[in-house]
Undergrad: 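Structure in C-alpha coordinates, see below.
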Protein chains: 2
Amino acid sequence: MERPDMDPVSQSSEDDITNTPDAGHLGKMIREARLKKGWTLEEAGKAAGIGRSTLSKIENNQTRPSFDIVRRLTKALELKTPQLFVQSGPSDISGRRDVTLAGQGEPQDTPTYFHELLCTELTSKRMFPYISTIKARDVSEFESWIRHRGEEFMLVISGELTFFTEHYKPLPMREGDSVYYDSGMGHGCVSTGKEDAKVLWVSLE
Amino acid sequence: MERPDMDPVSQSSEDDITNTPDAGHLGKMIREARLKKGWTLEEAGKAAGIGRSTLSKIENNQTRPSFDIVRRLTKALELKTPQLFVQSGPSDISGRRDVTLAGQGEPQDTPTYFHELLCTELTSKRMFPYISTIKARDVSEFESWIRHRGEEFMLVISGELTFFTEHYKPLPMREGDSVYYDSGMGHGCVSTGKEDAKVLWVSLE
DNA sequence: AACTTGTGTTTCTTATAGGAAACTTTTCGC
DNA sequence: GCGAAAAGTTTCCTATAAGAAACACAAGTT
(Lines give C-alpha, C1' and ligand atoms only; values in the text may rest on other atoms or scores of the structure.)
Protein backbone atom coordinates (compact mmCIF):
# COMPACT_ATOMS: atom_id res chain seq x y z
CA MET A 1 0.00 0.00 0.00
CA GLU A 2 1.29 3.41 -0.95
CA ARG A 3 1.70 6.23 1.48
CA PRO A 4 1.98 9.27 -0.75
CA ASP A 5 2.54 11.77 2.02
CA MET A 6 5.63 9.91 3.12
CA ASP A 7 7.27 10.42 -0.28
CA PRO A 8 10.94 10.99 0.58
CA VAL A 9 11.52 13.38 -2.29
CA SER A 10 8.86 15.88 -1.35
CA GLN A 11 9.99 15.48 2.24
CA SER A 12 13.55 16.47 1.63
CA SER A 13 12.83 19.03 -1.04
CA GLU A 14 11.06 21.48 1.24
CA ASP A 15 13.61 23.92 2.57
CA ASP A 16 12.26 24.19 6.02
CA ILE A 17 13.87 27.02 7.91
CA THR A 18 12.91 25.60 11.27
CA ASN A 19 15.74 23.88 13.07
CA THR A 20 13.89 22.67 16.14
CA PRO A 21 12.03 19.43 15.61
CA ASP A 22 8.27 19.74 15.22
CA ALA A 23 8.57 23.42 14.53
CA GLY A 24 7.65 22.92 10.89
CA HIS A 25 4.32 21.84 12.17
CA LEU A 26 3.15 25.36 12.72
CA GLY A 27 2.76 26.36 9.10
CA LYS A 28 0.80 23.26 8.28
CA MET A 29 -1.64 23.83 11.09
CA ILE A 30 -2.20 27.43 10.19
CA ARG A 31 -2.81 26.56 6.57
CA GLU A 32 -5.26 23.87 7.59
CA ALA A 33 -7.14 26.28 9.80
CA ARG A 34 -7.30 28.91 7.10
CA LEU A 35 -8.57 26.51 4.46
CA LYS A 36 -11.09 25.16 6.92
CA LYS A 37 -12.50 28.66 7.09
CA GLY A 38 -12.45 28.83 3.33
CA TRP A 39 -10.30 31.94 3.41
CA THR A 40 -7.67 33.14 0.98
CA LEU A 41 -4.30 34.42 2.18
CA GLU A 42 -5.63 37.92 1.61
CA GLU A 43 -8.75 37.39 3.69
CA ALA A 44 -7.01 35.60 6.52
CA GLY A 45 -4.24 38.17 6.54
CA LYS A 46 -6.72 40.97 6.75
CA ALA A 47 -8.60 39.26 9.57
CA ALA A 48 -5.40 38.87 11.52
CA GLY A 49 -3.95 42.20 10.51
CA ILE A 50 -0.93 40.86 8.64
CA GLY A 51 0.18 40.85 5.02
CA ARG A 52 -0.59 37.97 2.71
CA SER A 53 3.04 37.51 1.80
CA THR A 54 3.93 37.08 5.43
CA LEU A 55 1.19 34.55 5.85
CA SER A 56 2.34 32.65 2.80
CA LYS A 57 5.83 32.39 4.22
CA ILE A 58 4.55 31.27 7.58
CA GLU A 59 2.41 28.55 6.06
CA ASN A 60 5.37 27.31 4.04
CA ASN A 61 7.70 27.45 7.02
CA GLN A 62 9.93 29.94 5.31
CA THR A 63 10.08 32.17 8.35
CA ARG A 64 10.02 32.11 12.11
CA PRO A 65 7.06 34.32 12.86
CA SER A 66 6.96 36.43 15.97
CA PHE A 67 4.78 35.31 18.80
CA ASP A 68 2.65 38.36 18.31
CA ILE A 69 1.88 37.43 14.72
CA VAL A 70 1.06 33.88 15.70
CA ARG A 71 -1.27 35.07 18.39
CA ARG A 72 -3.14 37.32 16.01
CA LEU A 73 -3.51 34.38 13.66
CA THR A 74 -4.81 32.08 16.36
CA LYS A 75 -7.40 34.66 17.19
CA ALA A 76 -8.51 35.26 13.63
CA LEU A 77 -8.51 31.58 12.68
CA GLU A 78 -9.85 30.44 16.04
CA LEU A 79 -6.96 28.05 16.34
CA LYS A 80 -6.67 25.94 19.41
CA THR A 81 -3.53 27.24 20.93
CA PRO A 82 -2.11 24.43 23.05
CA GLN A 83 -1.52 22.17 20.10
CA LEU A 84 0.82 24.72 18.60
CA PHE A 85 3.20 23.96 21.40
CA VAL A 86 2.97 20.22 21.14
CA GLN A 87 6.46 18.88 20.99
CA SER A 88 5.92 15.14 20.70
CA GLY A 89 7.69 14.65 24.00
CA PRO A 90 7.06 12.04 26.69
CA SER A 91 5.34 14.48 29.02
CA ASP A 92 1.69 14.57 27.94
CA ILE A 93 -0.82 11.74 27.91
CA SER A 94 0.46 10.24 24.66
CA GLY A 95 -0.80 6.73 24.20
CA ARG A 96 -2.55 6.52 27.53
CA ARG A 97 -6.06 6.16 28.81
CA ASP A 98 -7.67 6.12 32.22
CA VAL A 99 -11.01 4.56 33.10
CA THR A 100 -13.30 5.35 36.00
CA LEU A 101 -16.27 3.11 36.60
CA ALA A 102 -19.58 4.56 37.72
CA GLY A 103 -19.37 5.68 41.33
CA GLN A 104 -15.66 4.87 41.58
CA GLY A 105 -14.36 8.43 41.23
CA GLU A 106 -12.34 10.17 43.87
CA PRO A 107 -14.78 11.74 46.33
CA GLN A 108 -14.50 15.35 47.37
CA ASP A 109 -16.98 16.92 49.69
CA THR A 110 -17.90 20.58 50.08
CA PRO A 111 -20.81 22.28 51.85
CA THR A 112 -22.69 22.87 48.61
CA TYR A 113 -21.62 19.97 46.41
CA PHE A 114 -20.48 16.43 46.53
CA HIS A 115 -17.87 16.03 43.81
CA GLU A 116 -16.63 12.80 42.34
CA LEU A 117 -13.39 13.42 40.46
CA LEU A 118 -13.02 11.26 37.37
CA CYS A 119 -9.96 9.73 35.76
CA THR A 120 -7.57 11.10 38.36
CA GLU A 121 -4.81 8.64 37.54
CA LEU A 122 -3.93 10.59 34.44
CA THR A 123 -2.33 13.48 36.25
CA SER A 124 -1.00 15.26 33.20
CA LYS A 125 -4.36 15.58 31.50
CA ARG A 126 -5.57 19.07 30.78
CA MET A 127 -9.33 18.79 31.26
CA PHE A 128 -10.80 17.97 34.63
CA PRO A 129 -14.03 16.03 34.57
CA TYR A 130 -16.10 15.44 37.67
CA ILE A 131 -19.63 14.50 38.53
CA SER A 132 -21.32 16.55 41.22
CA THR A 133 -24.35 16.02 43.33
CA ILE A 134 -25.80 19.36 44.29
CA LYS A 135 -26.64 19.67 47.94
CA ALA A 136 -28.03 23.20 47.97
CA ARG A 137 -31.78 23.03 47.58
CA ASP A 138 -32.60 26.64 48.25
CA VAL A 139 -31.23 29.96 47.09
CA SER A 140 -30.62 31.01 50.68
CA GLU A 141 -28.13 28.18 51.02
CA PHE A 142 -26.21 29.52 48.08
CA GLU A 143 -23.23 31.19 49.68
CA SER A 144 -20.96 32.78 47.16
CA TRP A 145 -19.84 32.60 43.61
CA ILE A 146 -17.37 30.01 42.48
CA ARG A 147 -14.75 31.65 40.33
CA HIS A 148 -11.60 30.24 38.77
CA ARG A 149 -9.62 31.03 35.68
CA GLY A 150 -10.58 29.06 32.60
CA GLU A 151 -13.55 27.61 30.80
CA GLU A 152 -16.11 25.15 31.93
CA PHE A 153 -18.73 22.90 30.45
CA MET A 154 -21.67 21.50 32.39
CA LEU A 155 -24.24 18.88 31.47
CA VAL A 156 -27.24 18.02 33.61
CA ILE A 157 -27.29 14.26 34.06
CA SER A 158 -30.40 14.08 36.20
CA GLY A 159 -32.66 16.24 38.31
CA GLU A 160 -33.58 19.88 38.01
CA LEU A 161 -31.54 22.86 39.02
CA THR A 162 -31.02 26.53 38.55
CA PHE A 163 -27.68 27.67 37.26
CA PHE A 164 -26.50 31.11 38.29
CA THR A 165 -23.96 33.16 36.43
CA GLU A 166 -22.79 36.63 37.22
CA HIS A 167 -24.23 39.19 34.78
CA TYR A 168 -26.80 36.68 33.52
CA LYS A 169 -30.29 35.76 34.50
CA PRO A 170 -30.73 32.54 36.52
CA LEU A 171 -31.03 29.59 34.18
CA PRO A 172 -33.42 26.73 34.97
CA MET A 173 -31.95 23.50 33.67
CA ARG A 174 -33.16 19.96 33.26
CA GLU A 175 -31.78 16.60 32.28
CA GLY A 176 -29.80 16.83 29.06
CA ASP A 177 -29.34 20.61 29.12
CA SER A 178 -25.82 21.91 28.96
CA VAL A 179 -23.95 25.16 29.30
CA TYR A 180 -20.47 26.36 28.43
CA TYR A 181 -19.12 29.43 30.14
CA ASP A 182 -16.16 31.48 31.23
CA SER A 183 -15.51 30.13 34.70
CA GLY A 184 -13.84 33.40 35.62
CA MET A 185 -17.35 34.75 36.01
CA GLY A 186 -18.96 33.92 39.30
CA HIS A 187 -21.15 30.84 38.97
CA GLY A 188 -22.91 28.15 40.96
CA CYS A 189 -26.14 26.19 41.17
CA VAL A 190 -28.92 25.03 43.44
CA SER A 191 -31.11 21.98 43.06
CA THR A 192 -34.76 22.79 42.38
CA GLY A 193 -36.28 19.34 41.86
CA LYS A 194 -37.39 16.66 44.29
CA GLU A 195 -34.52 14.27 43.76
CA ASP A 196 -30.85 15.18 43.90
CA ALA A 197 -29.53 16.97 40.87
CA LYS A 198 -26.49 15.40 39.26
CA VAL A 199 -24.28 17.17 36.79
CA LEU A 200 -21.12 16.51 34.87
CA TRP A 201 -18.57 19.29 34.85
CA VAL A 202 -15.51 19.48 32.68
CA SER A 203 -13.11 22.20 33.60
CA LEU A 204 -10.18 23.51 31.62
CA GLU A 205 -7.31 25.47 33.13
CA MET B 1 -7.39 56.93 47.64
CA GLU B 2 -4.08 56.46 45.92
CA ARG B 3 -3.62 54.15 43.02
CA PRO B 4 0.15 53.80 42.81
CA ASP B 5 0.17 51.52 39.77
CA MET B 6 -1.90 54.00 37.82
CA ASP B 7 0.70 56.73 38.28
CA PRO B 8 0.77 58.46 34.91
CA VAL B 9 4.50 59.05 35.08
CA SER B 10 5.50 55.44 35.53
CA GLN B 11 2.83 54.52 33.01
CA SER B 12 4.23 56.69 30.30
CA SER B 13 7.82 56.07 31.26
CA GLU B 14 7.76 52.40 30.41
CA ASP B 15 8.48 52.20 26.74
CA ASP B 16 6.43 49.19 26.00
CA ILE B 17 7.10 48.19 22.45
CA THR B 18 3.94 46.19 22.18
CA ASN B 19 1.23 48.02 20.35
CA THR B 20 -1.51 45.42 20.64
CA PRO B 21 -3.35 45.62 23.93
CA ASP B 22 -2.50 42.94 26.48
CA ALA B 23 0.60 41.99 24.60
CA GLY B 24 2.68 43.37 27.43
CA HIS B 25 1.25 40.57 29.47
CA LEU B 26 3.70 38.11 28.04
CA GLY B 27 6.83 39.48 29.65
CA LYS B 28 5.22 39.62 33.04
CA MET B 29 4.11 36.01 32.87
CA ILE B 30 7.48 34.79 31.76
CA ARG B 31 9.23 36.68 34.50
CA GLU B 32 6.83 35.29 37.07
CA ALA B 33 7.42 31.76 35.84
CA ARG B 34 11.18 32.20 35.92
CA LEU B 35 11.21 33.61 39.44
CA LYS B 36 8.91 30.85 40.56
CA LYS B 37 11.62 28.43 39.53
CA GLY B 38 14.17 30.55 41.32
CA TRP B 39 16.22 30.97 38.18
CA THR B 40 18.39 33.84 37.05
CA LEU B 41 18.21 35.17 33.52
CA GLU B 42 21.37 33.22 32.78
CA GLU B 43 19.97 29.94 34.06
CA ALA B 44 16.60 30.30 32.44
CA GLY B 45 18.18 31.39 29.19
CA LYS B 46 20.45 28.39 29.21
CA ALA B 47 17.53 26.05 29.90
CA ALA B 48 15.63 27.49 26.99
CA GLY B 49 18.63 27.91 24.76
CA ILE B 50 18.50 31.69 24.46
CA GLY B 51 20.71 34.53 25.60
CA ARG B 52 20.14 36.34 28.86
CA SER B 53 19.96 39.70 27.18
CA THR B 54 17.19 38.47 24.96
CA LEU B 55 15.32 37.12 27.91
CA SER B 56 15.72 40.40 29.76
CA LYS B 57 14.21 42.28 26.87
CA ILE B 58 11.34 39.85 26.59
CA GLU B 59 10.51 40.13 30.25
CA ASN B 60 10.54 43.91 30.02
CA ASN B 61 8.47 43.92 26.86
CA GLN B 62 11.19 45.63 24.93
CA THR B 63 10.91 43.21 22.06
CA ARG B 64 8.43 41.09 20.18
CA PRO B 65 9.94 37.64 20.54
CA SER B 66 9.51 35.06 17.85
CA PHE B 67 7.06 32.27 18.41
CA ASP B 68 9.91 29.82 18.40
CA ILE B 69 11.63 31.59 21.29
CA VAL B 70 8.41 31.74 23.26
CA ARG B 71 7.80 28.07 22.74
CA ARG B 72 11.26 27.19 24.01
CA LEU B 73 10.60 29.31 27.07
CA THR B 74 7.23 27.70 27.75
CA LYS B 75 8.92 24.33 27.68
CA ALA B 76 11.80 25.29 29.92
CA LEU B 77 9.63 27.18 32.38
CA GLU B 78 6.72 24.73 32.14
CA LEU B 79 4.37 27.57 31.35
CA LYS B 80 0.71 26.89 30.67
CA THR B 81 0.44 27.88 27.09
CA PRO B 82 -3.18 28.86 26.53
CA GLN B 83 -3.06 31.71 28.96
CA LEU B 84 -0.31 33.33 26.94
CA PHE B 85 -2.88 33.94 24.26
CA VAL B 86 -5.47 35.42 26.52
CA GLN B 87 -6.38 38.75 25.08
CA SER B 88 -8.95 40.15 27.44
CA GLY B 89 -10.59 41.34 24.28
CA PRO B 90 -14.08 40.69 23.07
CA SER B 91 -13.13 37.55 21.17
CA ASP B 92 -12.54 34.80 23.67
CA ILE B 93 -15.26 33.62 25.98
CA SER B 94 -14.53 36.19 28.68
CA GLY B 95 -17.74 36.92 30.47
CA ARG B 96 -19.81 34.76 28.18
CA ARG B 97 -21.89 31.63 28.42
CA ASP B 98 -23.75 29.52 25.91
CA VAL B 99 -26.66 27.25 26.70
CA THR B 100 -27.92 24.26 24.74
CA LEU B 101 -31.18 22.68 25.79
CA ALA B 102 -31.60 18.92 25.66
CA GLY B 103 -31.91 17.76 22.09
CA GLN B 104 -31.26 21.22 20.68
CA GLY B 105 -27.63 20.70 19.73
CA GLU B 106 -26.34 20.98 16.20
CA PRO B 107 -26.86 17.61 14.53
CA GLN B 108 -24.05 15.91 12.68
CA ASP B 109 -24.54 12.53 11.13
CA THR B 110 -21.94 9.91 10.30
CA PRO B 111 -22.27 6.23 9.38
CA THR B 112 -21.28 5.07 12.85
CA TYR B 113 -22.50 7.87 15.12
CA PHE B 114 -25.12 10.51 15.38
CA HIS B 115 -23.48 13.51 16.97
CA GLU B 116 -25.20 16.45 18.57
CA LEU B 117 -22.74 19.31 18.96
CA LEU B 118 -23.29 21.37 22.09
CA CYS B 119 -22.83 25.06 22.74
CA THR B 120 -21.72 25.83 19.20
CA GLU B 121 -22.47 29.53 19.47
CA LEU B 122 -19.35 30.05 21.51
CA THR B 123 -16.97 29.58 18.62
CA SER B 124 -13.84 30.57 20.48
CA LYS B 125 -14.22 28.00 23.22
CA ARG B 126 -11.46 25.44 23.55
CA MET B 127 -13.28 22.29 24.60
CA PHE B 128 -15.76 20.66 22.26
CA PRO B 129 -18.63 18.87 23.93
CA TYR B 130 -21.04 16.68 22.03
CA ILE B 131 -23.51 13.94 22.74
CA SER B 132 -23.41 10.92 20.47
CA THR B 133 -25.79 8.12 19.78
CA ILE B 134 -23.85 5.09 18.71
CA LYS B 135 -25.25 3.39 15.66
CA ALA B 136 -22.82 0.54 15.33
CA ARG B 137 -24.23 -2.48 17.12
CA ASP B 138 -21.74 -5.05 15.99
CA VAL B 139 -17.98 -5.22 15.77
CA SER B 140 -18.21 -6.03 12.08
CA GLU B 141 -19.78 -2.63 11.50
CA PHE B 142 -16.83 -1.01 13.13
CA GLU B 143 -14.89 0.34 10.20
CA SER B 144 -11.75 2.09 11.27
CA TRP B 145 -10.17 3.96 14.12
CA ILE B 146 -11.02 7.53 14.85
CA ARG B 147 -7.84 9.41 15.43
CA HIS B 148 -7.31 13.11 16.00
CA ARG B 149 -4.72 15.08 17.87
CA GLY B 150 -5.58 15.96 21.44
CA GLU B 151 -7.25 14.58 24.52
CA GLU B 152 -10.74 13.31 25.01
CA PHE B 153 -13.07 12.51 27.84
CA MET B 154 -16.09 10.25 27.45
CA LEU B 155 -18.95 9.52 29.82
CA VAL B 156 -21.62 6.91 29.18
CA ILE B 157 -25.00 8.57 29.64
CA SER B 158 -27.12 5.54 28.87
CA GLY B 159 -26.93 2.11 27.30
CA GLU B 160 -24.08 -0.35 27.10
CA LEU B 161 -21.16 -0.27 24.78
CA THR B 162 -17.67 -1.50 24.19
CA PHE B 163 -14.97 1.09 23.86
CA PHE B 164 -11.98 0.20 21.72
CA THR B 165 -8.59 1.83 22.00
CA GLU B 166 -5.51 0.96 20.05
CA HIS B 167 -2.98 -0.96 22.16
CA TYR B 168 -5.60 -1.62 24.84
CA LYS B 169 -8.08 -4.37 25.47
CA PRO B 170 -11.71 -3.66 24.53
CA LEU B 171 -13.47 -1.99 27.42
CA PRO B 172 -17.09 -2.83 28.24
CA MET B 173 -18.80 0.28 29.61
CA ARG B 174 -22.12 1.03 31.23
CA GLU B 175 -24.06 4.04 32.37
CA GLY B 176 -21.91 6.34 34.49
CA ASP B 177 -18.56 4.90 33.41
CA SER B 178 -16.06 7.30 31.98
CA VAL B 179 -12.71 7.25 30.25
CA TYR B 180 -10.07 9.83 29.49
CA TYR B 181 -7.58 9.11 26.74
CA ASP B 182 -5.14 10.41 24.18
CA SER B 183 -7.32 10.81 21.13
CA GLY B 184 -4.28 10.47 18.91
CA MET B 185 -4.59 6.75 19.57
CA GLY B 186 -7.12 5.02 17.39
CA HIS B 187 -10.43 4.71 19.20
CA GLY B 188 -14.11 4.06 18.66
CA CYS B 189 -17.06 2.24 20.09
CA VAL B 190 -19.94 -0.09 19.34
CA SER B 191 -23.23 -0.40 21.17
CA THR B 192 -23.67 -3.75 22.92
CA GLY B 193 -26.97 -3.26 24.73
CA LYS B 194 -30.55 -3.46 23.56
CA GLU B 195 -31.29 0.23 23.51
CA ASP B 196 -29.19 2.88 21.84
CA ALA B 197 -26.06 3.84 23.68
CA LYS B 198 -25.63 7.52 24.39
CA VAL B 199 -22.38 9.10 25.42
CA LEU B 200 -21.03 12.54 26.14
CA TRP B 201 -17.70 13.37 24.60
CA VAL B 202 -15.57 16.36 25.41
CA SER B 203 -12.72 16.89 23.04
CA LEU B 204 -9.78 19.19 23.53
CA GLU B 205 -7.52 20.42 20.71
C1' DA C 1 -5.54 31.69 -28.09
C1' DA C 2 -5.46 36.22 -25.66
C1' DC C 3 -7.60 38.69 -21.73
C1' DT C 4 -9.19 38.93 -17.05
C1' DT C 5 -9.48 37.89 -12.46
C1' DG C 6 -8.22 35.86 -8.41
C1' DT C 7 -4.86 33.23 -5.62
C1' DG C 8 -0.45 32.03 -4.02
C1' DT C 9 4.79 32.90 -4.32
C1' DT C 10 9.04 35.44 -4.71
C1' DT C 11 11.79 39.37 -4.70
C1' DC C 12 13.32 43.57 -2.43
C1' DT C 13 13.70 46.83 1.39
C1' DT C 14 13.32 48.39 5.96
C1' DA C 15 12.63 47.73 10.66
C1' DT C 16 13.84 44.93 14.29
C1' DA C 17 14.88 40.43 16.85
C1' DG C 18 18.59 38.12 19.07
C1' DG C 19 23.22 37.48 20.84
C1' DA C 20 27.97 39.28 22.58
C1' DA C 21 29.87 42.36 25.29
C1' DA C 22 29.90 46.64 27.79
C1' DC C 23 27.65 48.79 31.34
C1' DT C 24 24.82 49.37 35.62
C1' DT C 25 22.68 47.88 39.62
C1' DT C 26 22.09 44.87 43.48
C1' DT C 27 23.69 41.73 46.96
C1' DC C 28 26.73 40.01 49.49
C1' DG C 29 31.16 39.66 52.27
C1' DC C 30 34.20 41.99 55.45
C1' DG D 1 31.19 52.07 54.71
C1' DC D 2 34.05 49.70 50.69
C1' DG D 3 35.22 46.18 47.43
C1' DA D 4 33.92 41.87 44.98
C1' DA D 5 30.73 39.01 42.81
C1' DA D 6 26.43 38.24 40.83
C1' DA D 7 22.24 39.69 38.58
C1' DG D 8 20.07 42.53 35.40
C1' DT D 9 20.14 46.20 31.62
C1' DT D 10 21.71 48.57 27.62
C1' DT D 11 24.43 49.08 23.55
C1' DC D 12 26.01 47.54 19.35
C1' DC D 13 25.91 44.68 15.31
C1' DT D 14 24.25 41.14 12.19
C1' DA D 15 20.76 38.17 10.62
C1' DT D 16 16.17 38.09 9.46
C1' DA D 17 10.98 39.00 9.99
C1' DA D 18 7.33 41.50 7.82
C1' DG D 19 5.13 44.11 4.30
C1' DA D 20 4.86 46.12 -0.60
C1' DA D 21 5.11 45.14 -4.99
C1' DA D 22 6.38 42.40 -8.69
C1' DC D 23 5.81 37.90 -10.41
C1' DA D 24 3.70 33.23 -11.52
C1' DC D 25 -0.01 30.46 -12.27
C1' DA D 26 -4.22 29.03 -12.36
C1' DA D 27 -9.49 29.04 -13.89
C1' DG D 28 -12.90 31.32 -16.33
C1' DT D 29 -14.70 34.25 -20.31
C1' DT D 30 -15.13 35.86 -24.87
Side-chain angles (χ1 to χ4, degrees), chain A residues 9-10 12-20 23-77 79 84-85, chain B residues 9-20 22-77 79 84-85:
Chain A
V9 177
S10 59
S12 56
S13 66
E14 25 178 285
D15 50 346
D16 209 303
I17 201 172
T18 53
N19 49 4
T20 46
H25 209 55
L26 184 69
K28 198 177 143 204
M29 297 187 62
I30 288 176
R31 170 150 290 181
E32 269 171 22
R34 176 174 64 84
L35 295 177
K36 205 168 167 186
K37 286 221 167 234
W39 282 353
T40 65
L41 288 172
E42 185 77 37
E43 290 167 323
K46 206 165 186 179
I50 66 173
R52 75 167 183 282
S53 57
T54 304
L55 185 48
S56 168
K57 280 180 274 189
I58 292 171
E59 291 188 351
N60 293 302
N61 297 311
Q62 285 169 7
T63 187
R64 286 190 189 81
S66 74
F67 179 73
D68 190 53
I69 293 282
V70 173
R71 181 171 50 182
R72 283 192 248 169
L73 281 168
T74 60
K75 192 171 181 179
L77 299 172
L79 264 171
L84 297 179
F85 291 87
Chain B
V9 177
S10 60
Q11 273 281 336
S12 55
S13 67
E14 31 177 282
D15 50 347
D16 207 302
I17 202 172
T18 52
N19 49 5
T20 46
D22 303 308
H25 205 55
L26 184 69
K28 197 177 143 204
M29 297 186 64
I30 289 176
R31 170 149 291 182
E32 269 171 22
R34 175 174 65 85
L35 294 177
K36 204 168 166 186
K37 287 222 167 234
W39 282 352
T40 66
L41 288 171
E42 184 78 38
E43 289 168 324
K46 204 164 187 180
I50 66 175
R52 76 166 181 283
S53 58
T54 304
L55 185 48
S56 168
K57 280 180 274 189
I58 291 171
E59 291 188 353
N60 292 301
N61 298 310
Q62 285 168 7
T63 188
R64 287 192 189 80
S66 73
F67 179 74
D68 192 51
I69 293 282
V70 173
R71 182 171 50 182
R72 283 192 249 169
L73 280 168
T74 60
K75 192 170 182 180
L77 299 172
L79 267 169
L84 296 179
F85 289 87

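Just so it is clear: chains get the letters A, B, ... in the order the sequence lines come, proteins before strands, and each one is counted from 1.
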Undergrad: Figure out the NZ/P separation between B/Lys46 and D/dA7, and round it to whole Å.
TA: 13 Å
Undergrad: What's the verdict on side-chain contact (heavy atoms from CB on, under 4.5 Å) for B/Thr54 and B/Thr63, showing C-alpha distance, side-chain angles and the deciding distance?
TA: CA-CA 8 Å; B/Thr54 304; B/Thr63 188; 5.7 Å; no
Undergrad: Is the side chain of A/Arg72 donor-acceptor paired with the backbone N or O of A/Gly49 at a distance under 3.5 Å, no angle test?
TA: yes
Undergrad: Ignoring hydrogens and angles, does a donor from either the side chain of B/Arg52 or the base of C/dG19 sit under 3.5 Å from an acceptor on the other?
TA: no
Undergrad: In whole Å, what is the span from the CD atom of A/Glu42 to the P atom of C/dT5?
TA: 16 Å
Undergrad: I need the CG-P distance between A/Leu35 and C/dT7, as an integer number of Å.
TA: 12 Å
Undergrad: Taking atom P of D/dA18 as reference, at what distance in whole Å does atom CG of A/Leu55 sit?
TA: 11 Å
Undergrad: If the cut-off is 4.0 Å, is A/Thr63 near the phosphate of D/dA17, judged by side-chain N/O to OP1 or OP2?
TA: yes
Undergrad: Taking only side-chain nitrogens and oxygens of A/Gln62, does any of them come within less than 4.0 Å of OP1 or OP2 of C/dT10?
TA: yes
Undergrad: Among D/dG8, C/dG8, D/dG19, find the nucleotide with the atom closest to the side chain of A/Thr54.
TA: D/dG19
Undergrad: Nearest whole Å is fine: how far is C/dA17 P from B/Asn61 CG?
TA: 12 Å
Undergrad: Respond yes when some side-chain nitrogen or oxygen of A/Ser66 is under 4.0 Å from OP1 or OP2 of D/dA17, and no when none is.
TA: no
Undergrad: Under 4.0 Å from OP1 or OP2 of C/dT9: is there any side-chain N or O of A/Asn60 that close?
TA: yes
Undergrad: Does B/Asp68 reach the side chain of A/Leu26, with side-chain heavy atoms less than 4.5 Å apart?
TA: no
Undergrad: With DNA chain D as reference, determine whether A/Ser53 or B/Arg34 sits nearer its 5' end, using the nearest nucleotide of each.
TA: B/Arg34
Undergrad: Can you give me the closest heavy-atom contact between A/Arg34 and A/Leu55, atom names plus distance?
TA: CD-CD2, 4.1 Å
Undergrad: Among D/dG8, C/dG8, D/dA18, which is the nearest nucleotide to the side chain of A/Thr40?
TA: C/dG8
Undergrad: Nearest whole angstrom, please: distance from the P of D/dA7 to the CD of B/Glu59.
TA: 14 Å
Undergrad: Looking at the base of D/dG8, is there any donor atom on it, or on the side chain of B/Lys57, that sits under 3.5 Å from an acceptor on the other one?
TA: no
Undergrad: Between C/dT27 atom P and B/Leu41 atom CG, what is the distance in whole Å?
TA: 14 Å
Undergrad: Test side-chain contact (heavy atoms from CB on, under 4.5 Å) on A/Lys28 and A/Asn61 and set out the steps.
TA: CA-CA 8 Å; A/Lys28 198 177 143 204; A/Asn61 297 311; 5.6 Å; no
Undergrad: Whole-Å distance between D/dG8 P and B/Ile30 CD1?
TA: 15 Å
